[in-house]
2 protein chains.
Amino acid sequence: MAPTPNHSTDMFIRKLGGAARLSDEEREAIAHLPVTVRPLGPHQDIVREKDRPSQCCLLLEGWACRYQLLSEGKRQIFSFHIPGDIPDLQSLHIRVMDHNVCTLSSAVVAFIPHEALLDLTAAFPAIAAILWRDTLVDGAVFRAWMTGLGRRTACEAVAHLFCELYLKLQAMGLARDYAYRLPLTQLDLGDALGLSNVHVNRTLRELRGKDLITLHGGTLEIYKWQELADSCDFDPAYLHLERRTA
Amino acid sequence: MAPTPNHSTDMFIRKLGGAARLSDEEREAIAHLPVTVRPLGPHQDIVREKDRPSQCCLLLEGWACRYQLLSEGKRQIFSFHIPGDIPDLQSLHIRVMDHNVCTLSSAVVAFIPHEALLDLTAAFPAIAAILWRDTLVDGAVFRAWMTGLGRRTACEAVAHLFCELYLKLQAMGLARDYAYRLPLTQLDLGDALGLSNVHVNRTLRELRGKDLITLHGGTLEIYKWQELADSCDFDPAYLHLERRTA
DNA sequence: CGTGTCCTTGAGTGAACTCAAAAACTGTGG
DNA sequence: CCACAGTTTTTGAGTTCACTCAAGGACACG
């Protein structure tokens with residue numbers, strides 16, 4: 001499947017909740033967005049702190065994340081992104097980037113000029129509302145991570161993240177049967193969860209010991225979904241996915 | 001100064017970045033929003049998890065916060081809110097609440113029906129964009145807190161929060177001379193920063209020992225702004241306040 | 001087949017936690 | 001104006017979860 005403008009149109013429409021919700025006119029306008037599709041290697045920055053981007057990137061294939069670097073080499077990862085996500089949608093209304101976006105795996109992204117998106121949202125308030133909503137769900141995921149960082153044990157935080165990612169991937173049709181590709185190092189996981197890579201390792205061992213999951217060769221397998229979810233008080237409400245399953 | 005509909009109009013316009021940025025027509029529409037002003041006591045819930053609110057609340061006086069309760073009585077506070085904020089603006093586009101909003105001090109809020117806000121944003125895309133932007137800045141603050149929870153020491157996290165709150169209050173004209181009313185208990189601070197109340201207490205003592213701040217009787221005083229900011233790598237960029245100072 | 005990255009494990013340390021109790025406030029009613 | 005109850009702050013002592021440092025093993029890739 002070669003990445004084409006069509007591919008990105010499909011992805012964009014899927015992101016907006018499926019063609020069913022859009023009028024012909026709206027779909028037409030989306031199909032005519034002037035996108036630039038580009039393949040990227042792993043661990044490549046897409047936008048950087050202090051940049052003033054003039055476009056947004058729609059992730060078509062691969063994984064990306066948002067992060068910030070601190071003094072003494074510390075890093076905080078704010079979110080992981082999968083195909084269909086627009087990790088830097090906020091740049092549409094906030095000029096200056098306050099964090100970085102980079103690929104984790106090799107990836108394919110579609111760049112869409114701000115101008116085109118601003119025209120689109122001005123012409124179609126319904127699309128604006130859906131995109132706005134999307135950034136709000138983003139905020140909900142940030143809050144869930146905050147709870148993990150502040151009030152959950154290492155085990156709970158890791159379990160919670162794995163549950164979240166599974167449901168997000170499943171909703172985009174990218175995972176099923178309680179398993180998925182997870183192209184993250186233990187260091188990445190640690191920087192997302194506020195843990196050291198060593199402790200992530202021990203935590204994974206513990207979860208494996210309870211026969212809840214295995215993470216091996218970049219593939220995560222969940223053996224007991226319900227038990228895993230219960231172990232970390234996982235409540236999927238904050239992902240606000242109902243729109244897709246409906 | 002009695003709370004009146006006029007007061008809430010002023011506050012709303014101020015929130016949107018000042019009258020200068022709005023057309024007469026836009027200001028007119030805002031002035032005709034059907035608001036309900038209500039005084040509230042301290043520690044009163046405004047909206048709760050799982051609610052499906054039909055209005056948003058604009059905070060006119062006092063402090064509020066967003067939070068979530070976990071098993072075993074744990075609590076995570078996600079944000080603090082000051083006059084001018086609309087803590088539950090997200091309910092405009094996400095039906096079900098995934099967290100709670102409550103007052104911290106006694107407060108005055110103006111409730112605005114969703115319907116009216118949706119009409120307003122549909123009629124005036126510029127207002128929609130400003131409100132959207134506001135929720136994006138919200139997200140930026142969440143990220144800053146994540147960094148604090150994940151990668152900062154207790155001292156740094158506390159200092160960072162105090163810097164953030166000062167700039168936010170100052171931008172709304174509610175603080176100057178490096179001091180402000182902070183109606184939070186040490187338990188509240190702990191639940192925001194992922195610390196125990198005991199450790200918050202020790203951390204405050206440490207900061208006081210360095211003559212950086214005092215927090216006494218609900219008033220925070222910052223003695224050495226620059227040193228405090230440096231001690232926690234505080235970079236105000238993420239607050240995206242430039243709009244107001246310009 | 002070597003080099004770099006990532007994972008794994010051990011040992012010792014430290015930041016923050018819990019439990020507990022005393023001291024200082026706050027507000028209320030007598 | 002004082003007494004009192006409830007909350008909040010403060011301090012001490014002991015514990016624990018997660019960290020750092022260090023080194024060996026596994027794996028991936030050119």
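All figures in this text were calculated on a predicted structure; none of them were measured in a lab. Here is the naming used below: chain letters follow the sequence lines, and residue numbers restart at 1 for every chain.
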So where does chain B start and stop touching DNA chain C, 5' to 3', when the test is distance under 4.0 Å to a non-hydrogen atom?
C:dA16 to C:dC19

Length of the CG-C1' vector between A:L187 and D:dT20, whole Å:
14 Å

Rounded distance (Å) that lies between atom C1' of D:dT9 and atom CG of B:L182:
15 Å

If only side-chain N and O atoms count, and only distance matters, is there a donor-acceptor pair under 3.5 Å linking B:H81 with B:S79?
yes

Separation of atom CD in A:E206 from atom C1' in D:dT16, rounded to whole Å
14 Å

Does the pair B:E206/B:K210 count as a salt bridge with the N-to-O cut at 4.0 Å?
yes

Angle between terminal axes - the helix from C:dT8-D:dA23 to C:dG30-D:dC1, 5 pairs each end, rounded to 10°
40°

Decide yes or no on side chain to side chain contact (heavy atoms under 4.5 Å, CB included) for B:L189 and B:L195, but give the supporting numbers first.
CA-CA 8 Å; B:L189 284 171; B:L195 302 171; over 6 Å; no

Exercise: do A:Y180 and A:Q170 side chains pair donor with acceptor under 3.5 Å
no

Give the rounded distance in Å between these two atoms: NE2 of B:H199 and C1' of D:dT15.
15 Å

Whole-Å gap separating P (D:dA18) and CG (A:L204)
13 Å

B:R205 side chain N/O closer than 4.0 Å to the phosphate oxygens (OP1, OP2) of D:dT9?
no

Is a side-chain donor-acceptor pair under 3.5 Å present for B:N201 with B:Q186?
yes

Return the 5'-most residue of the pair A:C155, A:G217 with respect to DNA chain D, ranking by each residue's nearest nucleotide.
A:C155

Taking 4.0 Å as the cut-off, does a side-chain nitrogen or oxygen of B:N201 come that near to OP1 or OP2 on D:dT10?
yes

Side chains of B:C57 and B:P87: does their closest heavy-atom pair fall under 4.5 Å?
yes

Can you say whether the rings of B:H99 and B:F78 are parallel (under 30°), tilted (30 to 60°) or perpendicular (over 60°)?
perpendicular

So what does B:T185 touch, heavy atoms closer than 4.0 Å: a base, only the sugar-phosphate, or nothing?
sugar-phosphate

Is a donor from one side chain sitting under 3.5 angstrom from an acceptor on the other, for A:D188 and A:Y67?
no

Remember a base hit wins even if backbone is also touched, and classify A:G194 as base, sugar-phosphate or nothing at under 4.0 Å, heavy atoms.
sugar-phosphate

B:R202 CZ to D:dG12 C1': how many Å, rounded?
7 Å

To the nearest angstrom, how far is A:L149 atom CG from D:dC17 atom P?
18 Å

Give the ring-plane orientation class for A:H160 versus A:Y238, where under 30° counts as parallel, over 60° as perpendicular and anything between as tilted.
parallel

Assert: residue with more 5' nearest nucleotide on DNA chain C, out of A:H216 and A:R151, is A:H216

